[in-house]
Amino acid sequence: MANNINPSSLDAFKEDQTVVAVDTAKKVRVGIIGTGWIAGDHVKSLLKQPDVEIVAGADLIPGKAKAFFEKYGVEGVKCDYKNGEEMVNDKSLNLDAVSVCTYNRQHAPCAIQAMRAGLHVLLEKPFTVTLDEAVECMKVEKETGKILSIGFQPRLDANMIMVKDIVQSGVLGDIYYIQTGGGRRRGIPTPFGTTFIEDKTAGLGALADIGCYSLDMVLNALGYPKPLTVSGYKSAFFGKNPNYSGYKKEKRAEYAKLFGVDDFAAAFVRLEGDIILDFRIAWAMNLDTSGDTIIYGTEGSLRIPSTECWNGTIGGDLTIYHEVAGKQVETKIPQIFPKAGEPNNFDKKIRSFLDAVKTGGKAPVPTSEILYNQAILDGIAKSSDLKREIEIVIPEI
């Protein structure tokens with residue numbers, strides 16, 4: 001049965017129940033690996049699709065998957081697996097695809113196992129923790145011919161599309177410098193447990209969690225130029241502080257001791273085309289914003305207002321600074337807001353992946369692009385550890 005949801009649980013999703021007209025003759029059989037916080041968004045979105053059956057789920061913690069599907073009222077899901085590998089290799093499920101919603105360090109192993117089992121993969125961001133892991137995933141993607149799409153739904157936002165349209169139109173001329181980033185004044189994500197802050201599960205902190213989005217916004221607008229060198233920095237002054245006010249009071253000492261990733265990162269990146277990328281990102285800082293994103297061009301520059309907390313869109317109207325008839329002027333591009341009943345960006349991500357699976361199309365967010373994103377994240381981490389600029393070397397795949 002498509003959309004195998006208990007009717008009593010529909011009320012939770014009524015406010016956003018847009019259903020795109022699709023061919024329901026062929027159902028896509030989906031499994032979910034990892035049943036933590038982000039998996040909930042996958043389930044809610046999958047349940048809106050009239051051509052999907054959620055048939056299986058797996059989590060490393062015994063009983064967690066079963067409780068997860070009960071919470072969302074999804075019936076008939078097989079979830080008595082000890083891990084994702086066991087699930088993807090269960091041929092009785094006749095799976096078509098999986099959503100990989102695990103913590104960062106399990107992204108690569110789970111994606112590889114699923115593709116080798118003959119399944120298409122929607123992999124949550126970040127792509128991986130290291131560049132080497134991303135390369136290995138892409139080798140298996142090439143070997144198996146399966147779709148591997150990375151979960152960057154912000155690029156489906158109408159405002160992000162507008163940013164890319166402006167840059168690609170040539171109105172800014174040649175791009176030579178970009179400053180971008182984002183962050184939160186107090187926003188280390190411990191309300192979802194400790195998997196975001198422990199090195200053994202996350203590997204990277206704010207750098208990968210929200211930094212990958214900020215990088216994608218500008219790199220996608222430019223057509224993803226290749227990164228060449230990076231001088232990176234990362235720190236953890238807030239996360240390791242037992243007095244950090246963003247933690248629940250009774251958890252402060254425990255979380256500070258467990259904190260093993262970055263809560264702030266910055267970098268100076270040289271890109272192909274003689275473009276400089278000035279980047280900074282924060283989970284916590286003594287500031288309301290790390291600054292607007294600005295794309296500098298020889299004929300004009302574009303200001304993209306920041307948001308209080310990275311949310312996949314922009315914080316206000318876009319502004320182009322340029323000259324008209326010898327006069328310095330500013331052109332405002334109004335922020336676009338979703339229309340009533342329009343699918344949200346997450347739903348668009350899920351739908352575009354399903355359409356690719358059904359039609360044999362290309363990955364909506366291809367690894368060939370996000371490889372460069374991952375190379376920058378990896379380069380920042382390595383440069384920070386070495387305390388010097390390094391060359392970014394991306395292997396042939």
Side-chain angles (χ1 to χ4, degrees), residues 2 20 22-34 38-39 41-43 45-58 84-85 87-91 93-102 104 106-128 131 133-156 212-213 216 219-220 224 343 345-375 396-397:
V20 180
V22 295
D23 178 12
T24 58
K26 173 177 169 45
K27 302 295 190 294
V28 181
R29 294 173 65 83
V30 176
I32 296 177
I33 303 175
I38 196 62
D41 287 339
H42 280 253
V43 166
S45 188
L46 287 167
L47 291 171
K48 299 174 188 178
Q49 313 304 325
D51 56 344
V52 167
E53 291 180 317
I54 304 173
V55 298
E85 184 176 18
M87 185 192 81
V88 299
N89 287 313
D90 183 352
K91 299 305 180 184
L93 295 172
N94 293 314
L95 284 171
D96 297 302
V98 294
S99 284
V100 175
C101 304
T102 62
N104 298 349
Q106 282 297 305
H107 281 194
C110 289
I112 288 170
Q113 290 160 5
M115 287 187 288
R116 286 191 169 147
L119 306 179
H120 301 294
V121 178
L122 176 56
L123 177 60
E124 264 304 328
K125 61 78 189 167
F127 187 171
T128 54
L131 175 59
E133 289 174 333
V135 169
E136 185 60 29
C137 284
M138 291 180 68
K139 287 180 178 178
V140 176
E141 177 189 22
K142 184 176 181 180
E143 165 197 322
T144 62
K146 293 301 169 183
I147 295 168
L148 176 57
S149 188
I150 313 303
F152 280 71
Q153 69 273 6
R155 68 160 59 181
L156 301 173
C212 66
Y213 280 149
D216 189 63
L219 294 174
N220 184 48
Y224 259 97
N345 294 334
F346 206 97
D347 291 345
K348 292 175 184 176
K349 172 175 77 172
I350 295 293
R351 186 66 253 167
S352 62
F353 173 70
L354 294 171
D355 288 343
V357 169
K358 293 181 74 171
T359 63
K362 296 180 179 180
V365 182
T367 56
S368 58
E369 295 176 356
I370 308 306
L371 176 66
Y372 288 174
N373 189 303
Q374 192 64 47
E396 290 292 327
I397 299 171

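Values in this document were obtained by computation on a predicted structure and should not be read as measured data.
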### Query
Is it true that a side-chain atom of Ser45 and a backbone atom of Asp41 form a donor plus acceptor pair closer than 3.5 Å?
no
### Task
Quick one: which residue pairs count as a side chain to side chain donor-acceptor pair (under 3.5 Å) with a foot in residues 360-370, not counting sequence neighbours?
Glu141-Thr367, Arg155-Glu369
### Task
Go through the structure and list residues passing side-chain contact (heavy atoms from CB on, under 4.5 Å) with Lys348, not counting sequence neighbours.
Leu156, Glu342, Pro343, Asn345
### Query
Ignoring hydrogens and geometry, is there a side-chain-to-backbone donor-acceptor pair from Thr24 to Asp51 under 3.5 Å?
no
### Set of side-chain contact (heavy atoms from CB on, under 4.5 Å) partners for Ala375, sequence neighbours left out
Leu131, Pro227, Ile392, Ile394
### Query
Minimum heavy-atom separation for Cys101 to Ile38, with atom names?
CB-CG2, 3.7 Å
#### Entry: Pair Lys48 + Asp347: basic N to acidic O under 4.0 Å
yes
### Query
Between atom CZ of Phe152 and atom CZ of Phe127, what is the distance when rounded to the nearest 0.5 Å?
9.5 Å
### Summary
So NZ of Lys146 and NE2 of His120: to nearest 0.5 Å the spacing works out to 4.0 Å
#### Entry: By ring pair (Phe, Tyr, Trp, His ring centres under 6.0 Å) - contacts of Phe346 (at least two apart)
His42
#### Entry: Phe353: ring pair (Phe, Tyr, Trp, His ring centres under 6.0 Å) partners, not counting sequence neighbours
none
### Lys/Arg-Asp/Glu bridge criterion (N-O < 4.0 Å) met for Glu85, Arg116
no
### Message
Tell me the closest heavy-atom pair linking Ala114 and Val121, and the distance in Å.
### Response
CB-CG2, 3.6 Å
### Task
Specify the closest pair of heavy atoms between Ala134 and Gln374, including all atoms of both residues, with the distance to one decimal.
CB-CG, 4.0 Å
### Query
Which heavy atom of Cys110 sits nearest a heavy atom of Thr102, and at what distance?
SG-CG2, 4.0 Å
### Query
OG1 of Thr144 to NZ of Lys139: how many Å apart, nearest 0.5 Å?
14.0 Å
### Query
How many angstroms lie between NE2 in His107 and CD1 in Ile33, if you round to the nearest 0.5 Å?
10.5 Å
### Summary
The reported gap from CG in Leu123 to CE in Met115 (rounded to nearest 0.5 angstrom) is 8.5 Å
#### Entry: Inter-residue atom distance Gln49.CD - Lys27.NZ, 0.5 Å rounding
12.5 Å
### Task
Determine the minimum heavy-atom distance between Cys212 and Asn373, stating which atoms define it.
O-ND2, 3.0 Å
### Minimum heavy-atom distance Asp96-Lys26, with the two atoms named
OD1-NZ, 4.1 Å
#### Entry: Contacts of Lys91 that satisfy side-chain contact (heavy atoms from CB on, under 4.5 Å) - sequence neighbours left out
Ala117
### Qualifying residue for side chain to side chain contact (heavy atoms under 4.5 Å, CB included) with Ile150, from Ile370, Thr128, Asp216, Leu371
Ile370
